Amino acid sequence: MNAPVKSLFRPSVCPHDCPSACSLDVEVLPEGKIGRVRGLASQSYTAGVICAKVARYAERIHHKDRLTRPLLRVGPKGAGAFREISWDEALDRAAEGFRAAETKHGPETVWPYYYAGTMGLVMRDGINRLRNVKRYSGFYDTICTNPAWTGYVAGTGKLAGADPREMAKSDCVVIWGTNAVHTQVNVMTHAMRARKERGAPIVVVDVYMNETMRQADIALLVRPGTDGALACGIMHVLLRDNLADRAYLAQHTDFGAEFEAHMASRTPEWAEAICGVPAAEIEAVARLFGEKKRCFFRLGYGFARQRNGAVNMHAALCIPTLIGAWQHEGGGAFHSNSGTYGLVKRMIEGTDAVDSKVRMLDQSRIGEILTGDPAALKGGPPVTALLIQNTNPVNVAPDQRKVIAGFAREDLFTVVHEQFMTETALYADIVLPATMFMEHDDLYQGGGHTHLMLGPKLVEPPGECRTNHEVIVALAERLGAQHPGFQMSPRGHIDYALREAGKGSLEALEKEGFIDTDPPFRRAHFLEGFGHRDGKFHFSPDWKKVPLKSDGLMGPWQEMPHFPDHWAAIEAATPEFPFKLVTAPARQFLNSSFTETPGSMKREIAPSLMLHPEDAAELDVGVGEIVIVSNTRGAVELAVKLFDGVRRGVVIAEGIFPNKTHRKGEGINVLTGSDPVAPRGGAAFHDNAVAIRKA
Ligand SMILES: Nc1nc2c(c(=O)[nH]1)N[C@H]1C(S)=C(S)[C@@H](COP(=O)(O)OP(=O)(O)OC[C@H]3O[C@@H](n4cnc5c(=O)[nH]c(N)nc54)[C@H](O)[C@@H]3O)O[C@H]1N2
Ligand SMILES: Nc1nc2c(c(=O)[nH]1)N[C@H]1C(S)=C(S)[C@@H](COP(=O)(O)OP(=O)(O)OC[C@H]3O[C@@H](n4cnc5c(=O)[nH]c(N)nc54)[C@H](O)[C@@H]3O)O[C@H]1N2
Ligand code: SF4
Ligand SMILES: [Mo]
């Protein structure tokens, strides 16, 4: 008798843009479909835990609205009228469009625009190979990480830190400016172990009583953009009460009398007046840190999405350094490990073909770029052709009115390679259907942990979906772009990137599904020296010289403070725009992804504004009523939710909901600005002064 055909569980990796980069255990059903998706138990950072939206992945991968055939626009831009065409026709038309644009304006008129919809290195970054070989405009990716990374690296000199699993061995876990319950659930797994096994208190710093703040033993509620003041108030107490580790400071940092004198005036009362946290709470938490020493600071992205975000990140990072927390297992700080992997990207990205004279264009300023702002275009030709993979700028990019005006240009030729008919794909001339991660092979590195992971192809894609790699190779062929990387398979790319970096091989990775690249304790804790040339931590950073890739200095960088401080560069509330709006991520979405899945949409329901009951009373609005939220950039309508877990004058709109789910069809990003955050660019998504009135 034949044994019944059974489903089996196979290892994979969540490809979404999330620091957790979870190792997955995926049920592959006999008919070639996906069943249950769980966290892989044997990968010790994931530790068997994943978020609910990815546990429901079957509804995304087998969604009836997946794009499965190439499409050609047949109506006006953005109207959504398309007809099916063959792949050959689609690729021929795409190549012809890029060639025609290049003939008219030169190669810089073509702008490959991509982001981290997949974090797989082959599928995400292969577009750069085409860009480099063809000398198309470069893509300076600023939208997410720049303010945070710059602030962190200004202190440490390297984008690395204490092993995040050490949180479990901490005597006090500080979760600062990340809503981990929503955005990277695994932080909570390890933090909660410290509380359960060691009685460690959990301190959380945020601007609203979100789900992470609710889990805290000590919740510090700051006004948006004032973390620098809170950090200084804490450091004042540590120095005043002799709780700093002066021997450590002398050996490992640039700490000196000038810094100490600067901190002398940053009293808890001074800090309270700026950040809103009562001085007594600042005193208490400073004493807690000073006494525990083995404190782990898990620093998030969110609090750096402010115009002074880099300064605030650096200021928070200075606290564990001041108490010498780095010396202890379970102590120190962690933000991202993205600076530690060092995989060789020559074949994936064609880095050997880079021409540094070709302009870079700023991802966050796509609105200004597409509407012809000469400064944003750096004096070069207009952008008349776009190739887009793994991102949905019409919904997620700041200054949305300009973004949409740009996409609506009749003289702009746009190719979008997507899994769904996103609001960006709606503006395309040609839409190409893309595979999902379980339908192709790729290599992943954990930003929020220490693992390199393999996500193998597990099932066949629906219809005619093709991988990003296939599309780039096919376009290269039609455009006459030559590079050995175009001849390689995804598996070949993975093997090359690993081998050349001395990180094993594809074969080795395939055995376990992942490798742990955790460095030795002393290196991870910078006890052998910080990343700066002098080997020291910098309390007084040189903002001009933060060792990270960049496209020059941006924003009001000359006004940045030399020491940790409150830098008043944020959009101040005014009588005209008296509220501060934060656009934090909703739990069931991932940026704009999962807004297409019923399981996520039915839980998030509709765009809303969390408003303090006393503010609501003053505005004379109640639950469910519509308010118009506006500033100089635009206006959106949102339904009121009463919420007393914010300071008065602060409002929260969780998202990112599709533009079309808002009453006027414009999304939350009409309110956010694209002016670059100093000193390396980026968008201050949580820093918006707005007016609110009853609709
Ligand atoms: N469910 C879900 N998960 C996600 C995402 C998602 O959209 N949804 N997005 C993914 C992506 S791309 C990223 S980069 C990460 C980001 O994840 P996080 O690092 O968590 O960053 P944010 O989500 O931007 O914001 C986190 C928190 O910062 C708070 N915040 C805003 N301004 C301030 C401030 O001035 N001070 C302080 N202390 N807090 C402030 C917000 O209120 C919010 O609670 O999450 C990833 N995970
Ligand atoms: N208001 C506000 N706006 C924000 C933020 C905020 O906090 N508030 N956060 C910002 C941040 S941190 C970020 S990182 C950005 C992110 O914004 P985006 O980069 O746009 O991220 P997603 O919205 O997840 O869109 C990714 C898209 O890639 C597609 N995709 C996924 N995998 C593949 C693939 O393998 N191939 C192809 N061709 N396509 C694929 C998905 O279907 C999806 O449409 O949003 C930013 N915008
Ligand atoms: S979205 Fe983040 S938390 Fe959820 S499974 Fe993916 S990596 Fe893990
Ligand atoms: Mo992000």
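These numbers were taken from a predicted model, which means no experiment stands behind them. Just so you know, ligand 1 is whichever comes first in the structure, and atom 1 is the first atom listed for that ligand.
- Note: no N/O pair closer than 3.5 Å links T672 and ligand 2 by distance alone.
- Of the options N591, T435, T583, N669, the smallest heavy-atom separation from atom 16 (C) of ligand 2 is shown by N591.
- Nearest-residue assignment for atom 46 (C) of ligand 2 (options F657, F420, F685; heavy-atom criterion): F685.
- Checked against salt bridge (charged side-chain N to carboxylate O under 4.0 Å, His left out), D565 has the following partners two or more places apart in sequence or in another chain: R266.
- The closest protein non-hydrogen atom to atom 39 (N) of ligand 2 is N390 OD1, 3.3 Å.
- Looking at Q588 next to ligand 1, no N or O pair under 3.5 Å apart turns up.
- Here V222 has side-chain heavy atoms under 4.0 Å from ligand 1, and that is the only part of it that gets that close.
- Closest protein heavy atom to atom 36 (N) of ligand 2: N468 OD1, 2.8 Å.
- Proximity annotation for atom 12 (S) of ligand 2: of E418, R305, H686, R305 comes nearest, heavy atoms only.
- Contact annotation: for Q306 versus ligand 1, heavy atoms closer than 4.0 Å belong to the side chain alone.
- Under 4.0 Å from ligand 2, the heavy atoms of A434 that appear belong solely to its side chain.
- By the 3.5 Å distance cut-off applied to N or O atoms, Y208 is not counted among the residues near ligand 1.
- Among all non-hydrogen protein atoms, the one lying nearest atom 38 (N) of ligand 2 is H417 O, 2.8 Å.
- At a threshold of 4.0 Å, the pair D687-R307 counts as salt-bridged, since one of the basic side-chain nitrogens sits closer than that to a carboxylate oxygen.
- Closest heavy-atom approach to atom 3 (N) of ligand 1 within the set T183, N312, N179: this belongs to T183.
- Proximity of M123 to ligand 2, defined as any heavy-atom pair under 4.0 Å, is not found for any part of the residue.
- Considering only residues two or more places apart in sequence or on other chains, W176 meets the side-chain hydrogen bond (donor to acceptor under 3.5 Å, both in side chains) condition with D227.
- By the 30° and 60° cut-offs, the orientation of the rings of H16 relative to F594 is tilted.
- Polar contact check, S592 against ligand 2: a nitrogen or oxygen pair lies under 3.5 Å apart.
- Residue pairs meeting the salt bridge (Lys or Arg N to Asp or Glu O under 4.0 Å) criterion with at least one member in residues 437-451, sequence neighbours excluded: R66-E439.
- By the criterion of a heavy-atom distance under 4.0 Å, neither the backbone nor the side chain of H16 is placed next to ligand 1.
- For ligand 2, the atoms closer than 4.0 angstrom to any heavy atom of T118 are 32 (N), 34 (C), 35 (O).
- Between Q419 and ligand 2, at least one pair of N/O atoms sits closer than 3.5 Å.
- The protein heavy atom nearest to atom 47 (N) of ligand 2 is V396 O, 2.9 Å.
- Near-neighbour remark for atom 2 (Fe) of ligand 3: protein N, O or S atoms under 2.8 Å are C18 SG; waters not counted.
- Of the polar atoms of R223, none of the N or O atoms is found under 3.5 Å from an N or O of ligand 1, judged by distance alone.
- Between the choices S593, G302, A116, G655, the shortest heavy-atom distance to atom 24 (O) of ligand 2 belongs to S593.
- At a 4.0 Å heavy-atom cut-off, ligand 1 does not touch C51 at all.
- Residue P224 approaches ligand 1 through these ligand atoms, each under 4.0 Å from one of its heavy atoms: 35 (O).
- In terms of protein heavy-atom proximity, atom 14 (S) of ligand 2 is nearest to D17 OD2, 3.1 Å.
- Here N210 has side-chain heavy atoms under 4.0 Å from ligand 1, and that is the only part of it that gets that close.
- Nearest to atom 20 (O) of ligand 2 among the protein's heavy atoms is N392 N, 2.8 Å.
- Considering backbone and side-chain N/O atoms, I656 never comes within less than 3.5 Å of an N/O atom of ligand 2.
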